[in-house]
Amino acid sequence: MTAPIDPTTTSAWAELSALKDGFAPDLRAWFAEDATRVERFSLPLADLHVDLSKNLVTDEILASLVKLAEETGVASRYAAMLAGEHINTTEDRAVLHTALRRPAGAQPALVVDGQDVDTDVQSVLSAIDAFATRVRSGEWKGVTGKKVTHIVNIGIGGSDLGPVMVYEALEPYATAGIETRFVSNIDPTDMGQKVKGLDPETTLFIVASKTFTTLETLTNARLARDWLWETLGAAGVPVSTDAEKDAAVAHHFVAVSTALDKVAAFGIDPTNAFGFWDWVGGRYSVDSAIGLSLAISLGPDVFRELLAGFHAVDRHVAETPLEENVPVLMGLLNVWYVNFLGAQSHAVLPYAQQLHRFAAYLQQLTMESNGKSVKWDGTPVTTETGEIFWGEPGTNGQHAFYQLIHQGTKLIPADFIAVVNPAYPLEDGGQDVHALFLANFLAQTKALAFGKTAEEVEAEGTTGALVAARTFAGNRPTTSIFAPSLTPSVLGQLIALYEHITFTQSVVWGINAFDQWGVELGKKLALEIAPAIEGDDAALAAQDASTQALIAYYRANRS
C-alpha cells in the first residue's frame with residue numbers, strides 16, 4: 001500500500017498558503033483588466049462548455065493548485081484506479097466503475113485479479129439489453145399473460161438515487177409506454193404510495209441489492225411480494241398454493257444481485273438475476289446492472305449512449321494535461337475553497353428541471369466518498385475534508401435560498417448547469433420561455449460575481465439605510481456548465497464529471513473515496529434497538545436513557 005502524501009508538506013501547499021494571506025478577490029477588476037480571462041478559463045469537456053472565469057482564482061493560484069495535484073499524485077492515482085489496483089484499501093478492492101462504460105473491444109484488454117473484466121462487463125450488458133428488449137416488446141409477460149406497463153425499482157442508496165435521477169432527467173426518452181417508480185425508504189409510506197393504483201398483472205418489480213441482504217431493500221421486497229399475492233388474489237388470479245405463488249413471483253420479480261442462492265430462495269429465477277462486482281461501489285453503480293430499470297424504460301440504446309457519455313469524460317481525465325483537465329481543475333478549486341478560503345458547503349444549481357434530483361444524487365456521491373477523517377493508510381487527516389453538497393433547480397432556488405448566497409456571511413461556491421435546447425420548448429405570448437429561463441441563469445452568475453456597489457444603488461435613487469441593504473458585495477464564486485441539450489450522453493458526462501471531481505479531492509486529501517464505514521454503526525444499532533421498540537424489555541434496558549425515553553414515548557402513543 002502506497003502511503004498518501006500529506007498535502008500540507010508540499011511546496012504547492014506553502015505557495016497556496018502564501019497566496020491566501022492578504023487575498024482580496026476582485027472579479028470586477030480582474031474582468032475589466034484582463035480581456036482574455038474568459039477565454040483562458042473556459043474549457044471544453046466532451047459536449048460540455050465549462051466556464052471557470054467567475055471563480056476566485058488567478059493564474060498564479062491555478063498554477064499552484066495544478067502543482068498540488070502533481071505533488072500529491074492525482075494522475076498516478078487515477079492511472080492506478082484504471083489499471084485495477086486495489087486503491088480501496090480498507091476493503092482490499094479494485095475500483096473499476098470506469099470499466100463499466102468501456103466500449104466493447106477496448107484495448108488494451110482489462111484483466112484484473114485474473115478476471116477478464118471487459119468480457120464480464122459486456123456479458124452483463126448483453127443480458128441487460130436482451131431482457132430490456134423482451135420487456136419492451138411484450139415478449140416478457142406477467143403471470144396472466146399481460147404486457148408490463150409499470151416497473152417498480154426497489155433499492156436504496158446508489159441502487160435508488162442513481163436510477164431515479166437518471167430516469168427523471170431522461171424522461172423525454174421514455175417512449176415505450178412503461179412507467180418506472182422507485183421505492184427506497186423503509187418508511188411504509190414509500191411502498192404504500194408507490195404501489196397505489198398499480199395493476200399487479202402488469203407490474204414488474206426489480207430488487208436491487210448486491211448481497212440480497214440490505215435491510216431496507218429486502219423488507220420492501222417482501223412487502224411488494226405480499227402486495228402482489230394479495231392484489232392478484234383479489235383480482236381472481238389463483239395464488240393460494242405455493243406453486244401458484246412461486247409462479248407469480250417468477251413472472252413479476254427480477255433481481256440485480258450476485259447472491260443467486262438468496263435470489264432463488266426469495267422465489268426469483270436466478271436466470272433473471274443481473275450481477276455486478278465488488279469493485280463497483282453503490283454510489284458509482286448507476287452504469288452497472290443497477291441501471292436495469294433505465295434500460296427497460298428508456299431503451300437499451302439510450303442506456304448505451306449514457307455509458308458513452310461517462311466514457312468520454314473518463315478518457316478526458318486520462319489523456320488531458322492537468323492544467324486543462326476539467327474535472328481535476330474543478331476538484332482543485334473545491335480544495336482551494338475548503339482548505340484556504342473556509343467554505344463548508346457547495347451548491348449545485350441546475351437550470352434544467354429534468355435535473356431536479358441531481359443535487360440529491362451528488363450528496364451521496366460526494367459526501368459518502370469524501371466525508372472521512374482518516375487517510376487511506378489509517379492515519380488522521382491533516383486538512384479539512386469534504387463539503388456539504390446541496391441545491392435545487394433554478395428558478396425555484398432563487399425564491400428560496402439565493403438570498404444567503406448573495407448577501408449572507410457564508411462563502412458558498414456554486415455550480416450552475418444549463419442546456420441550450422429544452423426538451424419541451426414553449427412560448428408565452430411570443431416569448432421563448434426557455435430563453436427567459438436562461439436569462440435568469442446568466443443573471444444570477446453575473447450578480448454573484450460582480451455584485452452592486454453602494455454608488456450604483458444611490459444612482460438609482462436609493463438613500464439612507466436602504467443603500468446598505470440593497471448593496472451586493474459580489475465576488476461570490478460560480479462555475480457555469482453549458483450543454484447543447486440534455487441527451488443521454490450529456491447526462492453521463494455530467495455524472496462522470498462529478499465522480500472525477502470527487503476523486504481528485506480525495507487524492508489531494510489522501511483519503512479513500514470508495515468505502516463508507518460511517519454508515520455501518522447506525523445500521524448495526526438499529527437492529528439492536530428494534531426489539532426494544534417491539535416490546536423486549538431486556539433490549540430496552542440495554543439502551544441509554546434518552547433512547548429509553550423516546551421508545552417509551554413511542555410505545556405510549558402507538559395506536
Side-chain angles (χ1 to χ4, degrees), residues 5 7 10-13 15-16 19 25 27 30-31 34-83 98 101-102 308-340 346 348 366 413-418 420 445 449 477-484 489-490 492-509 513:
I5 296 166
T10 64
S11 60
W13 194 275
E15 291 174 8
L16 290 163
L19 289 167
L27 286 171
W30 293 349
F31 272 77
D34 184 354
T36 66
R37 181 178 175 86
V38 174
E39 180 182 355
R40 292 198 322 281
F41 285 75
S42 295
L43 299 165
L45 174 60
D47 296 314
L48 306 179
H49 173 79
V50 181
D51 181 355
L52 304 176
S53 65
K54 296 190 186 81
N55 280 279
L56 304 184
V57 289
T58 62
D59 292 291
E60 190 176 11
I61 292 169
L62 208 56
S64 293
L65 287 169
V66 169
K67 183 177 177 181
L68 180 65
E70 293 170 344
E71 293 183 338
T72 53
V74 169
S76 60
R77 193 75 174 169
Y78 186 65
M81 181 173 74
L82 293 182
T98 53
R101 50 261 198 161
R102 277 166 60 95
F310 277 98
H311 184 66
V313 176
D314 296 342
R315 297 317 313 160
H316 172 94
V317 178
E319 299 167 359
T320 307
L322 293 178
E323 61 270 17
E324 299 172 4
N325 198 308
V326 175
V328 170
L329 291 175
M330 290 182 67
L332 292 171
L333 286 172
N334 290 353
V335 169
W336 170 244
Y337 292 130
V338 169
N339 294 124
F340 296 93
H346 194 110
V348 178
T366 60
D415 299 342
F416 284 72
I417 304 169
V420 175
T445 62
T478 64
T479 294
S480 296
I481 303 170
F482 238 146
S489 178
V490 162
Q493 292 164 34
L494 286 170
I495 299 170
L497 166 62
Y498 282 91
E499 287 180 350
H500 297 315
I501 289 170
T502 301
F503 177 76
T504 297
Q505 292 174 255
S506 75
V507 178
V508 171
W509 289 327

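- In this structure, CD1 on Ile61 lies 13.0 Å from CG on Leu68, to the nearest 0.5 angstrom.
- Take Arg37 and apply the salt bridge (Lys or Arg N to Asp or Glu O under 4.0 Å) test, not counting sequence neighbours, and it matches no residue.
- With Gln505 as the fixed residue, the side chain to side chain donor-acceptor pair (under 3.5 Å) test singles out one of Thr366, Asn339, Asn334: Asn334.
- Defined by atom type and a distance below 3.5 Å, a donor-acceptor pair is missing between the side-chain atoms of Ser64 and Glu60.
- Ile481 has its side chain within reach of Leu497: a pair of non-hydrogen atoms, C-beta onward, lies under 4.5 Å apart.
- A heavy-atom distance below 4.5 Å is not found between the side chains of Phe503 and Val317.
- In this structure, Arg77 has no salt bridge (Lys or Arg N to Asp or Glu O under 4.0 Å) partners at least two apart in sequence or on a different chain.
- Proximity of Lys67 to Leu322: side-chain heavy atoms (C-beta onward) are nowhere separated by under 4.5 Å.
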Practice item. Show your working on side-chain hydrogen bond (donor to acceptor under 3.5 Å, both in side chains) between Lys54 and Ser480 and close with a plain yes or no. Key: CA-CA 8 Å; Lys54 296 190 186 81; Ser480 296; 4.6 Å; no
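- In the model, Asp34 has a side-chain atom that pairs as donor or acceptor with a side-chain atom of Thr36 under 3.5 Å.
- Taking CD1 of Ile5 as the reference point, atom OG1 of Thr72 lies at 6.5 Å (rounded to 0.5 Å).
- Note that CZ of Phe482 and CG of Asp51 are 10.5 Å apart. Values are rounded to the nearest 0.5 Å.
- Taking the side chain as every heavy atom from C-beta outward, Met330 and Leu52 approach each other to under 4.5 Å.
- Here Leu333 contributes atom CG and Asn55 contributes atom CG; the two are 4.5 Å apart, rounded to the nearest 0.5 Å.
- Residues passing the salt bridge (Lys or Arg N to Asp or Glu O under 4.0 Å) test with Glu39, sequence neighbours excluded: none.
- Under the 4.5 Å side-chain criterion, counting only non-hydrogen atoms from C-beta, Asn325 is not in contact with Tyr78.
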